[in-house]
Every structure is written in C-alpha cells, then in structure tokens.
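Taking it in order: structure first as structure tokens, then the write-up.
By convention in this document, chain letters (A, B, ...) are assigned in the order of the sequence lines, proteins followed by strands, and residues within each chain are numbered from 1.
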2 protein chains.
Amino acid sequence: MVLVTTGLRERKKLRTRRRLGTAALDLAVRHGLADVTVEQIAEAAEVSPRTFFNYFSSKEEAVVAAGVEHARELADRLAARPADEPVMASLRAVMRELLGESAPPKEWVAQVRLVRANPALLPHQLAAHAQIEHSLRVVLAERTGLAPDDLHPALTAAAVMAAIRVATDRWLGSDEHADLGDVIDDALDLLAGGLRHPSRAP
Amino acid sequence: MVLVTTGLRERKKLRTRRRLGTAALDLAVRHGLADVTVEQIAEAAEVSPRTFFNYFSSKEEAVVAAGVEHARELADRLAARPADEPVMASLRAVMRELLGESAPPKEWVAQVRLVRANPALLPHQLAAHAQIEHSLRVVLAERTGLAPDDLHPALTAAAVMAAIRVATDRWLGSDEHADLGDVIDDALDLLAGGLRHPSRAP
DNA sequence: GCCGAACTTGCAGTCCGTGCAGATTTGCAC
DNA sequence: GTGCAAATCTGCACGGACTGCAAGTTCGGC
C-alpha cells in the first residue's frame, strides 16, 4: 500500500496528466483562457481530445491541476518534519522550502496570476485548494494524534490554507515587491495570535 | 449612491434573479443536478433560456446564488451591530440571528446538502463563499478602521468563513444532530485561541 | 404621449462533455 | 516469448452548454 512500485502503466499515466496540465497552463497564459480549446490542449500533449476528458473534466481543472500536484508536496514535506516540532513552526519551514528560499516557482506564479486575470478560474482554483486542505488535514491529524475528522485539524488546515491564499493575493496585489515568505509568516503570526486586533499589541 | 430608490426595473430584475436561483435549487434537489437542463430552469422561472444566461453563466452558479444572497445578510447585520462590540462577539451574535435561534433556514440546508451530494458544485460553492468573504472583509475593515486591503481584515474574514465552512461540514457529517450554532461557536473559539493544540489546555 | 435606454428573446453557431464500442497497450503468468 | 485479461486510448455521435448578434419589448424621465 505504501510501496506501490509505480509500474510503467502508472508512470505513463502520470506523465500524460502532467503534459496535459502544463500544456493547458502554457496555452492559457499565451493566448488567454477563452481562446484555448480542449482540442488544442490535447494536440499539444499529443493525445486525442477524447483522452483529455479521461484525465480532466474541463480545461479549467487542467489549468489548476498543475498547482495541485505541486502543492501536494506541502503535505509530504510536512509529514517528514520532526514529530516534536510545533505545527506552526513546521508549516513555516515547509513553506520556506517550497518557496525556494528566494523566488517562488515560476509555474506557480504563472498560475496564480492567470487566475487573477481570469475570474472564471477562481472556482476551480478554490476547489484545488480544498484538495490540498484535505491532505493537510490528514497530516495534521496524524501529528496531533486526533481523529482526521476532528474539528481542530480540520479548522487548522482550513485556516492555514486561507492564510496562504490571502497572503498570496496580497503579494500579487503589491506587484510582488515584498518577499512572499515574509507575508505568509505575518499571516500565520496573526492566526497564531488569535486574530487579535493589531492596535492592541503595539 | 447609498440610496438607490430601487425602481420597478431593478426590483423586477432582482425578482427574476431570485426566481431563477430558487428554481435551479429546487429542480436540482428534486431530480438531481445532472438531470436538470437550463431550459427547464428557465421554464420554471418563466423566462427564455437565453435570458437565463443574462443572469448566470451556468446552472451551477444559479444553484449556489441563492446562498450568496441569503448570506449577504451576514455583512449587513454585522454592520448594524454596535461599533464598540468586539468583532468576534458581533460575529457570534449575527450567526445566531441568521440561524434563526433554533433551526437553520431550510433553503440553506438544502443547498449545502446538495453540494455534499454533488461534488461538481463544490467549486461554485467555494466561489460563492469568496464573494461573502469579500463583503465580510469590507465590513471588518470599516469596524477596525483599517484599510480594506490590509492583511488583518482580509485574513480575519477568510478565517471566519473557513470556520463556518468547516463547522457546517462537521455538522452535516454528524447527521445534523448537534446545534449548528454551537459547532460554529467552538470553531470561533479555536480561532480566537490561536488554534492552540487542545491537549495543552485541560 | 414620446424617446432613449435597458431588458428580453430567438437564432445560429461553436465548443463542451459523455456514452459506447472497437483498437491498442500493459502487466503478469506460464 | 507467448498468450491472456485488464486497463487505456481513440473515433464517433449526440445532446446540452454558452455566446454574439439583431430585432422586438418594456421601463423611466421629460
């Protein structure tokens, strides 16, 4: 179960999925989402249009799927942190790792920018976040020894994802001047402080 | 600007929008989302199919739109609370009001249940939440005197919406036995406490 | 009453998304 | 390495989603 000896079959499927995802993102960035058809995406990924729908149920889903895979790293790396480390500290460390210490991954930036420019993608972006949130919740439950459907891990995962989302949005809005890691840290600080009004803590 | 003397034109539009929304929700609950066509929704609302698309860009959006309008109450009522009341206290009070002191509004329950039964709606549900979150953020910014795009009101709004979402999900998962207001209160307590691990507090 | 603006509608057309059935490929046992 | 069962890919066909456009209809102000 844990060791699934990824056979040729599964590896090929994963590669096809990635090709479709990156092709969708790439084409959408270049020509605008509205002017990209499933047929074009399929052609770029060298599969038939019908096969596209075996992997994704819409082009919007394909565009954000790249981000999902990329962000699943979050859960994996979190699970790899020392078990006695405080949760928030683990999260900060993992986010720093994922942000590459300096510049955020180019593909990820392209994706969030595309969503900004194209509101029709927002629903699917949020759905992708929900998937990540679920992975996060499972890991947090294991770490804290609570049930996966307990309120605490569920809310923590949701709040952390909200913090990342808000911080990213702020970062994009400020023309990406600040360091994204710092903005996320600020957001996590606010969460850990119980969202107290800042004017009370000067 | 503030007083827009809702003329007949605008009232009629609003009524049409509501009719379409409730018709969509009603039909989807009764026949299943997949078996409902835009044509049916339009007919139930007594407009042409083409007009449906003047109001909504998909049937999924129409189904969750009812919830959006209903939840815009949240922001309005929050703005009406005394300005010196702590934000969290205002939120609790408003949520209690909206939940009708005893049973949550039937239409709202129908909607969240439908989303549960039909994952294809989740993206649109989340997008609707994002709209509510935005209204919430504006009100919170006014109350705290911070800029609307400041991190604090933005994150607070997002975290509170996350709490409501997680609490609702839990409540649905527990066969709606507990009192939803209590579950939401628990979630807000966790938020206000900085999401501290519960085992550290007893 | 009358006029401009806003709203509704039908029509035509493109693309989406799915069920199905037949090829093709893969994993596995022998 | 051969053969078989299962998984996957593909083309076809079809109904529905969604949009631009132009004509008709209704509303609000004068």
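- Glu60(A) places its CD atom 16 Å from the P atom of dA17(D), with the value rounded to the nearest Å.
- Distance Glu39(B) CD to dT9(C) P: 13 Å, rounded to the nearest Å.
- Screening Arg77(B), Arg81(B), Arg143(B) for a side-chain hydrogen bond (donor to acceptor under 3.5 Å, both in side chains) with Ser90(B), the sole residue that qualifies is Arg143(B).
- Going from atom CG of Asn54(B) over to atom P of dA17(D) covers 16 Å, rounded to whole Å.
- Residue pairs satisfying the side chain to side chain donor-acceptor pair (under 3.5 Å) criterion with at least one member in residues 122-138 of chain B, sequence neighbours excluded, are listed as follows: Arg165(A)-Glu133(B), Arg72(B)-Ser135(B).
- Here dC9(D) is the nucleotide among dT8(C), dG17(C), dC9(D) with the atom lying nearest to any side-chain atom of Thr16(A).
- With dT19(D), dT9(C), dC9(D) as the candidates, the nucleotide lying closest to the side chain of Phe53(B) is dT19(D).
- Remark: Asp189(B) CG to Leu155(A) CG distance equals 10.5 Å, nearest 0.5 Å.
- When rounded to the nearest whole Å, the span between CZ of Arg11(A) and P of dA7(D) equals 19 Å.
- Nearest to the side chain of Thr51(A), among dG17(C), dT8(D), dT10(D), sits dT10(D).
- Among the nucleotides dC9(D), dC12(D), dG10(C), the one closest to any side-chain atom of Arg50(A) is dC12(D).
- In this structure, the CZ atom of Phe52(A) is 16 Å from the P atom of dG11(D), given to the nearest Å.
- Listed pair Lys13(B) / dA6(C) fails the phosphate criterion, with no side-chain N or O lying under 4.0 Å from OP1 or OP2.
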Open item on the list: So if I define the base as every atom that isn't primed, P, OP1 or OP2, how would nucleotides 22-30 of chain D read as a B/S/- string at a heavy-atom cutoff under 4.0 Å?
Closed with: ----BBS--

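- Backbone-only engagement by Tyr55(B) is indicated by non-hydrogen atom pairs under 4.0 Å involving sugar-phosphate atoms exclusively.
- Of the candidate nucleotides dC18(D), dC16(C), dT9(C), dT9(C) has the atom nearest to the side chain of Ser48(B).
- At a non-hydrogen distance threshold of 4.0 Å, nothing from residues 20-37 of chain A comes into contact with DNA chain D.
- Taking the side chain as every heavy atom from C-beta outward, Trp171(B) and Pro104(B) approach each other to under 4.5 Å.
- The distance from atom CZ of Phe56(A) to atom C1' of dC9(D) is 16 Å, rounded to the nearest whole Å.
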